[in-house]
Structure formats: structure tokens, C-alpha cells
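Note that the structure is predicted; figures quoted are calculated from it, not measured.
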Amino acid sequence: MTTPGTPGINLTFDMTVLNGKTMTRHHASERSILTFHNDSEQPLVITCTSGEAPFLDGGCGSPVATFTVPAGGTKAVRIAEAVSDGQSFVYSARIGNSEPEDPIIILDRR
């Protein structure tokens, strides 16, 4: 699979099963920045569903478990310091009343 408008760029999708559910698995390093692009006309709500607050909204302050990306917008969040190498967390990404997507983030030393 390639990114539209970017010839020759290959994307790899890591898939796993967690608690009987198929999930996309993303690998990141400590304090990585995650950027979410919302191409819809409704807000995108990101919620950590594994009982943690792993996101630093705006890059500083107290970690949060939930944040919103406005319709047609982009938001970058940093992984909080409290989440360290070898840990993982699951989050739900939901636009409007659609069914949520539940990817998992695994922190690796790179």
C-alpha cells in the first residue's frame, strides 16, 4: 500500500489480537509525538481504554486519557513520561456516532 501522492512509500500495518479483538499495533518510542488527522466533518474523540492517561495534550501539563481533534483538523500529542519502554496502551478512536477503532501503542527502544 502506498500513500496517495507519494510514489514509492510503503506502509506496513502490524495486526494483533487482544482480548478477542483484532487491532492495529503501532510502535513508538518514549515521549514520541502522535499526530492525528481528522478528515471527517465531525469531531474525532481519542480515549485511552486501558485505564491510563498516556497523552500530553499540547505537549505539557497533566496527562489526559481523552482528547478531541476538531472536524477537518489535526492535533499532536506527546506520550507522557509515566509511560515507559515495554509498556503498551490501547486507545479508542471514534468519529461522531461511528463504530470506534481500537489500536494499541507499544513503546519500543529504537
Side-chain angles (χ1 to χ4, degrees):
M1 175 174 211
T2 60
T3 304
T6 311
I9 300 294
N10 293 318
L11 300 176
T12 301
F13 295 91
D14 292 332
M15 306 303 290
T16 191
V17 175
L18 183 66
N19 298 325
K21 192 171 194 176
T22 301
M23 296 184 171
T24 304
R25 181 176 54 209
H26 305 287
H27 291 270
S29 59
E30 280 187 79
R31 308 279 294 147
S32 288
I33 294 173
L34 307 175
T35 302
F36 294 86
H37 301 281
N38 181 2
D39 289 334
S40 77
E41 295 178 5
Q42 297 180 50
L44 164 64
V45 177
I46 305 292
T47 303
C48 180
T49 58
S50 53
E52 302 156 78
F55 307 113
L56 289 177
D57 190 358
C60 58
S62 296
V64 296
T66 300
F67 64 91
T68 300
V69 182
T74 299
K75 181 169 259 196
V77 297
R78 185 175 294 281
I79 296 175
E81 281 186 43
V83 183
S84 61
D85 287 336
Q87 288 185 299
S88 64
F89 60 90
V90 177
Y91 69 90
S92 172
R94 175 178 243 159
I95 296 173
N97 293 324
S98 66
E99 288 293 317
E101 177 186 42
D102 297 323
I104 183 171
I105 302 279
I106 298 173
L107 299 182
D108 292 330
R109 254 190 206 142
R110 299 242 171 189

Looking at every heavy atom in both E99 and R94, which two are closest together, and how far apart are they?
CA-NH2, 4.2 Å

Could you measure the distance from the CZ atom of F55 to the CZ atom of F36? Nearest 0.5 Å is fine.
5.5 Å

Looking at every heavy atom in both S50 and V90, which two are closest together, and how far apart are they?
OG-N, 3.1 Å

Checking S40 against Q42 for the side chain to side chain donor-acceptor pair (under 3.5 Å) test, could you report, in this order, the C-alpha distance in whole Å, the side-chain angles of both residues, the deciding distance, and whether it holds?
CA-CA 5 Å; S40 77; Q42 297 180 50; over 6 Å; no

Would you tabulate the side-chain donor-acceptor contacts of residues 60-75 under 3.5 Å, counting partners in other chains and residues two or more places apart, or write 'none'?
{"from": "T66", "atom 1": "OG1", "to": "T47", "atom 2": "OG1", "distance (Å)": "3.4"}
{"from": "T74", "atom 1": "OG1", "to": "H37", "atom 2": "ND1", "distance (Å)": "3.0"}
{"from": "K75", "atom 1": "NZ", "to": "D57", "atom 2": "OD1", "distance (Å)": "3.3"}
{"from": "K75", "atom 1": "NZ", "to": "D57", "atom 2": "OD2", "distance (Å)": "3.3"}

Are V77 and I95 co-members of a hydrophobic cluster defined by side-chain heavy atoms under 4.5 Å apart?
yes

